[in-house]
Amino acid sequence: MSDIIPKPNSEQFFGEDIYFDGGVGISACAEAESAAAKLKALLRRVCPSVIFSDNGNVSIKLEKDALLPREGYVVDARASDIVLTASGSEGWTYALVTLERLLKTEGGDKALSLSCPGCHIEDEPRFAYRALMLDEARNFFGETEVKRLLDLMCLYKLNVLHWHLADDQGYRVESDVYPLLTTISSHRNDTQVGGIRSDKFRGLASSGYYTKNQIRNIVEYAKERNIVVVPELEMPSHCSAILAAYPHLSCTGEKTEVPTTFGTLHRSFCPGKQTTYDFLDKLLDEWCELFPSSLFHIGGDETAGSLWKQCPDCRKTIADNGLGGEHELLPLFVNRIAEMLAAKGKLPVIWADRLPRGVRKFVTYTAWLPLDRKAVAAEISSGRLFIVAPYDRYYAGQPYCMIPLKKTYDFEPTSIANGSTDAGFFGVEMPMWTEWVYDRVKLDFNLFPRLCAFAETAWTNAQHKSWHDFKKRWQAQKPTLDSLGVGYAKDKLTDPGAFARNKGAYIWKNIDQYDEVRKNDK
Ligand code: ACM
Ligand code: ZN
């Protein structure tokens with residue numbers, strides 16, 4: 001057995017090790033040449049003294065089998081031959097990730113000798129969409145930090161960065177079309193700390209945005225690691241930062257500042273004005289030019305319907321379209337934006353707070369709140385795609401006293417629908433909301449080992465999962481994460497026991513979210 005996370009779906013070990021003492025020769029089919037270059041760099045990194053030689057005693061071959069699934073791979077290591085087979089770059093990427101976990105070095109820091117256990121691993125992911133969502137609207141981390149997370153995502157075979165770049169407290173994309181988004185919306189005067197009910201602030205202004213070149217760099221860096229960057233531009237609510245620069249887009253036109261507090265703020269674009277759609281159309285063009293992903297997340301959660309009720313433009317739209325009330329403005333808005341995006345070659349995704357009627361079927365739902373299981377099953381059978389991201393299992397921003405590690409690991413994604421099979425689900429996502437996370441220390445603490453537990457629910461078939469076995473493999477991950485400088489949460493904090501769990505909701509609202517992190521140092 002290996003200590004790989006996520007656990008491969010089929011692995012066999014022969015009980016013999018292959019030693020690379022006499023040098024290693026690498027050969028690759030034409031399509032795998034760039035994977036071969038990565039393999040060479042990997043071996044050098046793991047064992048700086050490794051000798052490359054076509055006459056070496058070990059050969060590593062990268063071979064193609066077009067019949068393997070897109071992200072699937074086979075590692076076959078026996079006698080003196082290691083063969084890494086895949087149908088394309090995605091599979092070779094993961095074959096290399098697995099190989100790196102299998103390799104053993106001896107000789108301490110100098111890594112003088114290298115070996116690989118004889119084995120046969122056949123692996124492919126359970127779900128096609130395996131995402132980390134990073135909220136940089138609430139707190140901005142920057143290019144270096146995002147690239148570090150992309151490296152860690154690849155290590156755990158996650159393939160989507162859902163990048164939340166616009167919300168009430170900040171807008172993070174350089175704009176030539178609407179320059180005030182860069183100068184006004186990317187800046188706020190302070191940041192609330194200590195929970196939603198707290199009146200404490202950091203006492204620091206906070207700003208940041210990505211230049212277009214940085215975004216292109218990050219998208220390219222992600223692609224090299226088989227990761228697609230799916231951007232999120234929140235609408236029609238969670239958009240106060242944009243309204244601070246362009247107040248005419250709201251129902252009242254009221255001038256407001258970029259908020260410094262968190263929670264549901266009840267500000268919104270007016271879904272009853274043509275100006276809103278014209279503005280968003282141009283803005284979406286600017287984003288679509290930066291993000292090649294076919295998926296595009298448009299938020300859609302926690303909409304401020306009470307504002308729409310009082311707005312003459314919204315009321316007129318309700319009447320003109322024969323809608324049953326302001327709650328039907330959300331499907332109307334989503335459909336208009338969805339059609340706009342479809343015309344730009346994109347597939348829209350929204351957060352589904354509930355299951356609104358009449359939303360076009362090509363709009364994918366991210367399920368985060370509990371939904372009616374029968375209704376989800378009916379949506380799936382009518383062709384709707386679902387991404388599963390339950391707030392009480394996968395939300396990485398929550399303290400461990402509310403979501404202990406086992407609760408994340410044990411979650412079965414298909415349980416959100418009655419009688420569903422894997423085929424009905426597009427995938428799963430771990431959202432990292434950052435209202436209460438403003439530095440790398442807490443980011444690492446909240447994400448690790450949670451992201452590992454999540455990755456196993458994303459990749460490994462349910463029948464191959466085992467909490468007991470996962471815990472052992474997690475212990476074996478620690479030296480790797482230590483060497484990468486990742487400040488993961490200690491075991492005593494990830495499993496805080498029943499007492500803390502019962503106090504969860506209270507803690508979320510009232511207590512400084514850095515409490516757990518401080519305990520991690522002790
Ligand atoms: C959400 O957590 N408001 C999607
Ligand atoms: Zn309105």
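Keep in mind that the numbers below use all heavy atoms, side chains included, and drop hydrogens, waters and symmetry copies. Every value quoted in this text rests on a predicted model; they were computed, and no experiment measured them. Every number for a ligand or one of its atoms is a count from 1 in the order of the listing.
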message: So Glu286 and Leu283, do their side chains get closer than 4.5 Å, heavy atoms only?
response: yes
- prompt: Cationic tip of Lys282 within the cone over Tyr178's six-membered ring, i.e. under 6.0 Å and within 45° of the normal?
  reply: no
message: Any donor-acceptor pair under 3.5 Å linking the side-chain atoms of Asn335 with those of Arg360?
response: no
- prompt: Distance from Leu481 atom CG to Phe448 atom CZ, nearest 0.5 Å?
  reply: 6.0 Å
Rounded distance [0.5 Å steps], CG in Asp444 versus CG in Leu451: 10.5 Å
- prompt: SG (Cys270) to the Zn ion (ligand 2) to SG (Cys314): angle, nearest 10 degrees?
  reply: 110°
task: State, without any angle test, whether Thr275 and His248 hold a side-chain donor-acceptor pair at a distance under 3.5 Å.
output: no
Please tabulate, line by line, the atom pairs linking an N/O of ligand 1 to a protein N/O at a distance below 3.5 Å, with the distance in Å to 0.1, or answer 'none'.
from     : atom 1 : to     : atom 2 : distance (Å)
ligand 1 : 2 (O)  : Tyr395 : OH     : 2.7
ligand 1 : 3 (N)  : Asp301 : OD2    : 2.6
ligand 1 : 3 (N)  : Glu302 : OE1    : 3.3

